[in-house]
Amino acid sequence: MGLEDRRKAARTGRDRHATMRDSHRRSARLVSSRPGGAARARASRAEGTTVEHRGEEVAEDPVYKIRHSLAHVLAQAVLELRPGSTLGFGPPIRDGFYYDFILSSPLTEEDFPELESRMRKIIAQNQRFEREDLEKDAAFERLDAMKEPYKREYAEELFAKHGIEKLSFFKNGPFLDMCEGPHVESTRQIPKAAFKLKSLAGAYWRGNSDNVMMTRIYAWAFGTREELDAYVKAYHDALARDHKKLGRELDLFVIDEVIGKGLPLWLPNGTVIRDELEKLIKELEFKDGYQRVSTPHLARAELYYQTGHLPYYAPHMFPFMELMELAENDAGELAAGDRVKEAYALRPMNCPHHHRIFASRMRSYRELPLRLAEYGQVYRFEDSGALSGLLRVRGMCMNDAHIYCTEDQIQAEFLKVMDLHRRVYEILGLTDYYMRFSTWDPDDPKGAEKYVPNPEAWERTQKLVRRAMEESGLPFVEGKGEAAFYGPKIDVQFRTVTGREETASTNQLDFAVPERLGLSYVGSDNQEHRPYVIHRAPLGTHERFTAFLIEHFGGAFPTWLAPVQVRVVPVGERFAEYGQKLVDELRGEMVRAELDDSSDTMGKKVRNAVTRKIPNIWVVGEREQSDGTITWRRYGRQDQETVPVAEARERVLAAIRTRSRE
RNA sequence: GCCCACGUAGCUCAGGUGGUAGAGCACUUCCUUGGUAAGGAAGAGGUCACGGGUUCGAGUCCCGUCGUGGGCUCCA
């Protein structure tokens with residue numbers, strides 16, 4: 001495939017994604033925005049900045065009403081400031097609300113004070129929210145008079161596809177909006193000091209990248225000023241834990257534009273964390289019967305035609321490397337000709353390589369489940385606008401493994417995988433996550449493009465995964481329509497310090513690709529059978545997972561993970577030799593220890609060690625040297641103790657061995 | 001990829017209305033040998049992201065490119 005073809009494939013691929021995405025966002029919208037009628041309660045996924053799925057209890061929440069009403073107040077203020085603007089959606093969200101506009105002329109964040117003050121004036125006017133339900137014709141007439149084409153587009157859909165009878169409108173003061181409510185009775189019930197405009201953003205109409213880009217204004221809003229202040233303060237405090245900021249301060253990684261965007265360089269300190277995580281998971285996987293393999297970052301492009309991933313993944317792959325056949329040019333010299341001799345691709349995933357290992361010889365049912373694990377480096381051509389620190393990169397290392405098994409083994413294997421997750425999170429002290437059971441949507445009109453067409457297999461595998469999840473006792477929510485194209489998955493969702501939700505881990509049950517690649521094993525019946533494949537990655541990628549850990553620990557890693565585990569600080573130069581001896585002994589035990597033999601003062605040395613968030617500082621001076629002790633200062637603690645060297649060393653070794661949270 | 005904002009020394013930032021760059025920390029050298037979060041002095045370090053344009057003159061104004069951030073789409 002030539003570059004231009006690839007680009008074309010990329011474009012179509014992207015278009016297809018957009019369309020598919022739109023279809024499930026549309027169904028989500030309906031739940032939240034349907035005017036009148038009971039909002040259908042639905043398993044809620046913890047929404048970030050998108051729409052809340054509402055149940056009745058949510059709708060009655062006073063803060064929800066305040067946020068909903070504030071959105072109207074904001075829109076009114078925007079229309080005052082930018083007459084002729086048109087409206088998109090303006091729903092309440094987790095910590096406030098937003099509203100989308102097509103602005104008649106641009107706004108900037110510098111306009112926020114002006115907007116906020118207009119909003120307060122509107123609130124002070126004590127405008128009543130009055131509801132009016134209109135039947136179809138009247139509703140369209142109203143919307144045309146309002147000159148709100150986007151609202152009208154949505155209304156048409158509501159009447160046509162969802163069979164609603166009436167459309168509800170809310171009027172407060174001079175502002176009229178098509179909306180399902182509910183709202184406060186009058187603007188006076190909105191606390192004037194409990195909201196704050198947050199940011200300006202672009203957002204596609206209906207979340208579809210084929211549509212126009214609207215301007216979204218995000219705002220925080222709460223029931224009281226105190227809650228708002230506390231929230232905003234917590235938000236700003238959290239920014240100190242941002243992995244990008246700490247990555248720089250603690251020399252963990254850099255992203256160098258000369259190397260390329262989204263291609264992080266791991267510095268020695270960051271590499272320690274990666275290595276420790278690898279050690280951890282290798283131990284756990286070994287105990288669970290995984291075998292390690294090692295495969296190249298490249299493969300012939302042919303491989304991706306075989307797997308059937310290509311149409312799906314082309315937009316996310318780096319361009320193929322094409323080796324041209326040699327040919328004589330006009331000058332009669334041998335040079336690269338027009339014909340592609342061979343094409344290679346940087347791999348965007350590890351599974352095809354592992355599948356080829358499975359296929360490398362005849363397999364017997366006696367070998368199953370076969371668990372092949374690799375820390376596999378992959379490269380994905382992510383949209384430039386999606387890149388973000390270590391959270392979204394173009395070169396990443398996955399904690400990947402593929403479990404080849406029979407249908408009878410799926411349940412037990414899935415349980416083991418989920419238990420592996422549980423153990424990892426427990427060791428790391430991660431509790432702030434939730435699991436999402438991502439299933440196919442048989443009613444999805446775009447289902448033919450989205451899913452492997454095998455309803456029976458979908459039902460069967462989903463049942464197996466669901467049962468495994470229920471047995472694992474891990475709580476999960478269901479994400480209908482979120483499945484991979486080849487099977488259901490379990491995603492683990494985390495939130496970053498800035499509140500953005502990300503998937504840290506994804507586990508998929510694949511009943512389709514083994515078929516495409518013709519994988520098989522010989523059963524006890526001497527017949528060939530198709531294995532199932534479980535794709536799983538408890539630590540996701542090093543890049544993203546480390547980003548979470550940096551933020552989770554605020555850069556203050558427990559001893560076992562810390563880049564420097566012990567820093568020995570001699571009180572004066574005379575004690576450097578004693579300090580060096582301690583360091584040598586620790587390093588002899590594979591402890592990452594170092595001596596601060598700088599000419600800084602005591603206070604400065606301690607400050608330096610604390611600033612680097614080193615978990616253990618051993619201070620040594622006259623007393624320690626003569627007594628064979630150290631004075632131990634732990635990160636984040638003021639109290640300290642003087643301990644015999646042998647005991648101190650043993651305690652550090654134990655903390656490392658047990659991976660204690662200390 | 002799209003919308004918006006930003007891009008001054010390694011880092012954090014100053015540099016009204018255009019007149020060819022500053023601070024603190026870090027770094028280097030010297031002095032200080034100190035008991036728990038910054039001892040002192042000197043020094044080095046910037047083609048103000050890059051490329052055009054306007055102007056007698058651009059870090060400062062305009063355009064483009066690249067990069068970063070916040071969102072959207074997508075996703076580990």
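What you are looking at is a predicted structure, and each value in this text was computed from that prediction instead of being measured. Chain letters run A, B, ... following the sequence lines, proteins first and then strands; every chain starts at 1.
- Using a 4.0 Å heavy-atom cutoff across all strands shown, A/Thr503 reaches sugar-phosphate atoms only and no base atom.
- Side-chain N/O atoms of A/Ser599 include none lying less than 4.0 angstrom from OP1 or OP2 on B/U32.
- A/Trp632 pairs by the ring pair (Phe, Tyr, Trp, His ring centres under 6.0 Å) definition with A/Trp618, not counting sequence neighbours.
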Decide yes or no on salt bridge (charged side-chain N to carboxylate O under 4.0 Å, His left out) for A/Asp600 and A/Lys605, but give the supporting numbers first.
-> CA-CA 6 Å; A/Asp600 292 324; A/Lys605 288 179 186 176; over 6 Å; no
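- The CZ atom of A/Arg574 sits 10 Å away from the C1' atom of B/G34 (whole-angstrom rounding).
- Using P as the reference atom, B/U12 and B/U33 are 36 Å apart when rounded to the nearest Å.
- Residue A/Asp600 is in base contact, counting any heavy-atom pair closer than 4.0 Å across all strands shown.
- At a threshold of 4.0 angstrom between heavy atoms, the contacts of A/Arg623 include nucleobase atoms, whether or not backbone atoms are also involved.
- A/Gln565 places a side-chain N or O within 3.5 Å of a backbone atom of A/Thr559 that can act as its donor or acceptor partner.
- Nucleic acid contact class of A/Gly621 (heavy atoms, under 4.0 Å, all strands): base.
- Among the heavy atoms of the strands lying under 4.0 Å from A/Glu257 are primed sugar atoms or P, OP1, OP2 only; no base atom is included.
- Using a 4.0 Å heavy-atom cutoff across all strands shown, A/Thr506 reaches sugar-phosphate atoms only and no base atom.
- Contact of A/Glu624 with B/G35 (side chain to base): a donor-acceptor pair of N or O atoms is detected under 3.5 Å.
- Under 4.0 angstrom from either OP1 or OP2 of B/G70 there lies at least one side-chain N or O belonging to A/Ser388.
- Using a 4.0 Å cutoff on non-hydrogen atoms, the parts of residues 239-255 of chain A near RNA chain B are A/Lys244, A/Arg248, ordered by number.
- Where RNA chain B pairs in unbroken runs of 3 or more (Watson-Crick or G-U, both distances under 3.5 Å), the stems are B:1-7 with B:66-72, B:10-13 with B:22-25, B:27-31 with B:39-43, B:49-53 with B:61-65.
- Contact annotation for A/Ala609: no contact, since no heavy-atom pair falls under 4.0 Å across all strands.
- Residue-level contact check: A/Val378 touches neither bases nor backbone, having no heavy atom under 4.0 Å from any strand.
- For RNA chain B, the residues of residues 627-643 of chain A within the heavy-atom distance limit of 4.0 Å (strictly under) are A/Thr631, A/Arg633, A/Gln640, sorted by number.
- Nearest to the side-chain atoms of A/Met398 among the listed nucleotides B/A76, B/C2, B/G1 stands B/A76.
- Among the heavy atoms of the strands lying under 4.0 Å from A/Glu382 is at least one base atom, whether or not backbone atoms are also near.
- Nucleic acid contact class of A/Ala537 (heavy atoms, under 4.0 Å, all strands): none.
- Within 4.0 Å (heavy atoms only), A/Ala203 reaches sugar-phosphate atoms of the nucleic acid but no base atom.
- Using a 4.0 Å heavy-atom distance criterion, A/Glu109 is classed as making no nucleic acid contact.
- Of the candidate nucleotides B/C75, B/A26, B/U73, B/U73 has the atom lying nearest to any side-chain atom of A/Tyr204.
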Quiz: residues 543-550 of chain A side-chain donor-acceptor pairs under 3.5 angstrom, not counting sequence neighbours:
| residue | atom | partner | partner atom | Å |
| --- | --- | --- | --- | --- |
| A/Glu543 | OE1 | A/Cys397 | N | 2.9 |
| A/Glu543 | OE2 | A/Trp266 | NE1 | 3.3 |
| A/Arg544 | NE | A/Leu391 | O | 3.0 |
| A/Arg544 | NH1 | A/Thr503 | O | 2.4 |
| A/Arg544 | NH2 | A/Leu391 | O | 3.1 |
| A/Arg544 | NH2 | A/Glu502 | OE1 | 3.4 |
| A/Thr546 | OG1 | A/His542 | O | 2.6 |

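- Note on A/Thr601: a side-chain N or O is less than 4.0 Å away from OP1 or OP2 of B/G39.
- Within 3.5 Å, no donor on the side chain of A/Tyr98 pairs with an acceptor on the base of B/G71, nor the reverse.
- The phosphate of B/C75 has neither OP1 nor OP2 within less than 4.0 Å of any side-chain N or O from A/Arg380.
- At a threshold of 4.0 angstrom between heavy atoms, the contacts of A/Leu387 are confined to the sugar-phosphate backbone, with no base atom among them.
- Taking every heavy atom of residues 259-267 of chain A and every atom of RNA chain B, pairs under 4.0 Å involve A/Lys261, by number.
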